[in-house]
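Along the sequence shown, residues are numbered consecutively beginning with 1.
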Amino acid sequence: MHDIKTTTRVGIDIGGTFTDVVLETNNERFTSKVLTTLSSPADACMVGLESVVKQAGIKPINVDIIIHGTTLATNAIIERKGAITSMITTRGFRDVIEIGTEGRPEQYDVNILKPDPLVPRRRRFTIAERLNSAGHVLHQLEESELEALIPALDRAGTEALAICLLHSYANPMHENAARNFFAKKRPEWFISVSSDISPEFREFERFSTTCANAYVQPLTSKYLTEFEARLKTDGYQCEMMMMLSNGGLTTVQTAKDVPVRLIESGPAGGALFACDVTQRLGISKALSFDMGGTTAKICLIDNHKPQTNRRFEVARVYRFRKDSGIPIRIPVIDMVEIGAGGGSIAEIDILGRLAVGPESAGSVPGPACYGQGGERPTVTDANLVLGRMNPANFANSLLKLDIAAAETTLTTHIAEPLNIGLIASAYGVTEIVCENMANAARVHTIESGKNTNDRTLIAFGGAAPLHICQLADKLSVNRIIIPANAGVGSAVGFLRAPISYEVFQTHYQHLDHFDIKAANATLIEMETQARSKVKLGASPEAKLTTNRIAYMRYHGQGHEIAVDLTNEPLGSNVAKSLQRLFDTEYRNVFGRTISNIAAAEIVSFAVTVTTEPYAAVTTTASGIVEHITHATRTAFDSAVEEERSFVIVPRENLQVAKPIAGPAIITEKETSVVVSSIFEARTLLSGDIELLRTDNRILTKKT
């Protein structure tokens, strides 16, 4: 067991294309970026670990803690490579996960596509038990019914079982009894019960989340067990902790029990990385932009905290469309994830238009320029042709890029079909991908009641700095920050995360007749459960803090908003206090209240227990490097839509506060920053690069 404050820490982030490894020790940071080994993800992890340990001049036994985030659960759902999962539910509710809600991603499409449920109908079984919405028994669970299901479950080849009974969030007794029964009869099964995984009302989301947990649990458990064993074999005797989707850390055992909470773990690390930047630089409003090889992630950050949510979707059938994926109801950092990365494939669609993504070339075969057999054009191929990348020094010389292959594939698949030039086709690919990302950012901020043009863009991930000026121009953003080690930002973010766990519980009450005793009992029980999870990974001396949230709405409304109760004791005047807090938050979100015509009510509580976050390694610019004569390279400038001569500046040669006007390319180990003609760059004392807009628009830009 380790305290959150340990000396030598390692973060490992497995992405769709690259696996990033970061080691921090004695106020120094060492990084590695290797291609993800999709057939055996641990292989790339071990290669990256070996690299950073060697760079730091230490031995594996000197590592105090490893923090890991993985896309394993996400990919299993998207690729439908999870366990053979069966489901047991209350009679009459067999098809809830298939019927879903009335939400339609395409309003008028009579042939609308919906995601197939993770558990097909032939593996969904029912029993006659029944509780009412208050948790009172209407029909007792009969063990004989469970016994009768075993032959059918065996014939289905069940490996994992999801138990999803009606109103179990109010009373878990029947689900617990069913779990205990099957655990004795079939101890080899992985069993998930909805009252543990998502104890909330709204059956569709609760059942869907529980099925997803059961579906990925055998695969995740096997991977984590084998990875831990491999670490021990290679001399790493430290504890490994897992990154959660809400930005906290948890133990490997908790991750095995509730793997569904790992689904957005990688992007969550990136959001924490951006939050740390806003804290250091005093930025109150930011938009984080994380673009890697497979996807791009956008997150709103206000007052150094990321926007959060309790629901998201995976495996969407329609890009950018709500209600087209499998709903997962867990605490999560709220972000938009787009199929737009360096490996996103460009093609001419059925209407003869240029389209980019969401399909990705991944790490194998990768873009054509990787020289690994890829034949279709990607965003990376386009950037290479545009002169934005050095083919001899890609990802710290991980690969030598083949520019001839990039030119050939772009000519064959894009330029010739559209009857345009090679450079125009490459620029078109980057324009499409940037517009996709800009559009997603606009929609996300509008839906959140916010703007983009009053925010600072924080760019990280291997591909983000290549596109950031092009994207900022589309979003009318004037300031950009490129943090140190931006190319491995999510893995660095893992090292900033506290040990944390959130418990959520439906607790329906009207404020007009509020039961303080019942509310306090629920909150105490939730805090006890959350603390028990956190204490598994934290030292006895670790300082724990508790945050409480009430999800409230006006009576008759279908959705609720979060109201922070952390500093609000539930005392004798609790109803008035809750009404005041709710009115304030409601007005912040919607601009008005309707307390005069509708009463407020609590729907659910959330309690989060967390340790203190780990302090960042101090990265500062020396401020003494003199500018030297830099090389130049012809590259395409998106600001004026033509090729120009770019100054090539190694990041370590930047002098503090001395600006370099675009067009310029700032090179570093894991990525390159493309500075267009309407921005200038400078290094801050913190070691971060700041890009500022120098003009609203370059007058020579072609129309």
Side-chain angles (χ1 to χ4, degrees), residues 16-18 33 35-36 291-296 339-349 354-434 436-437 461-468 470 487 631-638 641-646 648 663 665 667 670-674 676:
T17 304
F18 291 101
K33 181 181 282 286
L35 286 171
T36 295
M291 184 179 181
T294 306
T295 58
S344 293
I345 294 171
E347 61 183 356
I348 307 301
D349 68 14
L354 176 59
V356 182
E359 186 181 358
S360 174
S363 58
V364 179
C369 62
Y370 282 15
Q372 298 182 149
E375 297 179 349
R376 300 167 71 185
T378 67
V379 174
T380 295
D381 295 312
N383 281 318
L384 183 61
V385 168
L386 292 175
R388 296 173 174 177
M389 303 166 63
N390 181 356
N393 188 30
F394 173 70
N396 197 27
S397 302
L398 178 66
L399 292 170
K400 184 175 181 179
L401 301 182
D402 186 345
I403 190 168
E407 291 174 343
T408 298
T409 190
L410 279 163
T411 299
T412 303
H413 294 278
I414 307 297
E416 290 179 351
L418 293 179
N419 194 27
I420 59 177
L422 174 62
I423 296 299
S425 66
Y427 178 51
V429 170
T430 65
E431 270 289 278
I432 293 294
V433 78
C434 285
N436 287 343
M437 294 183 292
L466 293 166
H467 303 89
I468 194 61
Q470 201 170 344
T632 61
R633 184 167 75 233
T634 299
F636 192 87
D637 186 357
S638 62
E641 295 183 347
E642 64 182 24
E643 289 185 301
R644 284 192 168 184
S645 179
F646 278 64
I648 309 301
I665 297 176
T667 61
E670 299 108 357
T671 187
S672 294
V673 183
V674 177
S676 73

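Sequence neighbours left out, the pairs with a member in residues 377-388 that pass side chain to side chain donor-acceptor pair (under 3.5 Å) are Thr378-Asp381, Asn383-Arg388, Asn383-His467, Arg388-Gln470.
Pro365 meets the side chain to side chain contact (heavy atoms under 4.5 Å, CB included) test with no other residue; sequence neighbours excluded. The side chain to side chain donor-acceptor pair (under 3.5 Å) test applied to Thr295 returns Lys297, not counting sequence neighbours. For Ser360, there are no side chain to side chain donor-acceptor pair (under 3.5 Å) partners two or more places apart in sequence or in a different chain. Partners of Phe646 according to the ring pair (Phe, Tyr, Trp, His ring centres under 6.0 Å) rule, which considers only residues two or more places apart in sequence or in another chain, do not exist here. For Pro465, the side chain to side chain contact (heavy atoms under 4.5 Å, CB included) partners at least two apart in sequence or on another chain are Ile482, Thr671, Val673. In this structure Glu359 satisfies the side chain to side chain donor-acceptor pair (under 3.5 Å) test together with Arg376, sequence neighbours excluded.
Under a 3.5 Å cut-off, the side chain of Lys33 and the backbone N or O of Gly487 do form a donor-acceptor pair. Here the side chain of Arg633 pairs a donor or acceptor atom with the backbone of Gly387 at under 3.5 angstrom. Side chain of Thr409 to main chain of Ala406: no donor-acceptor pair is present (N/O by atom type, distance under 3.5 Å, no hydrogens or angles).
Using a 4.5 Å cut-off on side-chain heavy atoms (C-beta onward), Ser672 and Asn390 make no contact. Contact of the Tyr370 side chain with the Val364 side chain is not registered, since no non-hydrogen atoms from C-beta on lie closer than 4.5 Å.
Taking every heavy atom of both residues into account, Gly342 and Met291 meet most closely at N-CE, 4.3 Å. Considering all non-hydrogen atoms of both residues, Ala426 and Ala382 come closest at O-CB, 3.5 Å. Between Leu384 and Ile403, the shortest heavy-atom contact is CD2-CA, 3.6 Å. Across every non-hydrogen atom of Ile665 and Ala635, the tightest pair is CD1-CB, 4.4 Å. Contact detail for Ala368 and Ala405: the closest heavy-atom pair is O-CB, 3.7 Å.
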Full working for side chain to side chain contact (heavy atoms under 4.5 Å, CB included) between Glu643 and Asp637: CA-CA 6 Å; Glu643 289 185 301; Asp637 186 357; over 6 Å; no
Worked check of side chain to side chain contact (heavy atoms under 4.5 Å, CB included) between Glu641 and Phe636: CA-CA 7 Å; Glu641 295 183 347; Phe636 192 87; 4.3 Å; yes
Test log, rule side chain to side chain contact (heavy atoms under 4.5 Å, CB included), inputs Ile423 and Leu386: CA-CA 7 Å; Ile423 296 299; Leu386 292 175; 4.0 Å; yes
Exercise answer: donor-acceptor pairs, residues 410-421 side-chain atoms, under 3.5 Å, sequence neighbours excluded:
from   : atom 1 : to     : atom 2 : distance (Å)
Thr411 : OG1    : Glu407 : O      : 2.7
Thr412 : OG1    : Thr408 : O      : 2.8
His413 : NE2    : Glu375 : O      : 3.3

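With Val674 as the fixed residue, the side chain to side chain contact (heavy atoms under 4.5 Å, CB included) test singles out one of Thr430, Leu466, Ile468: Leu466.
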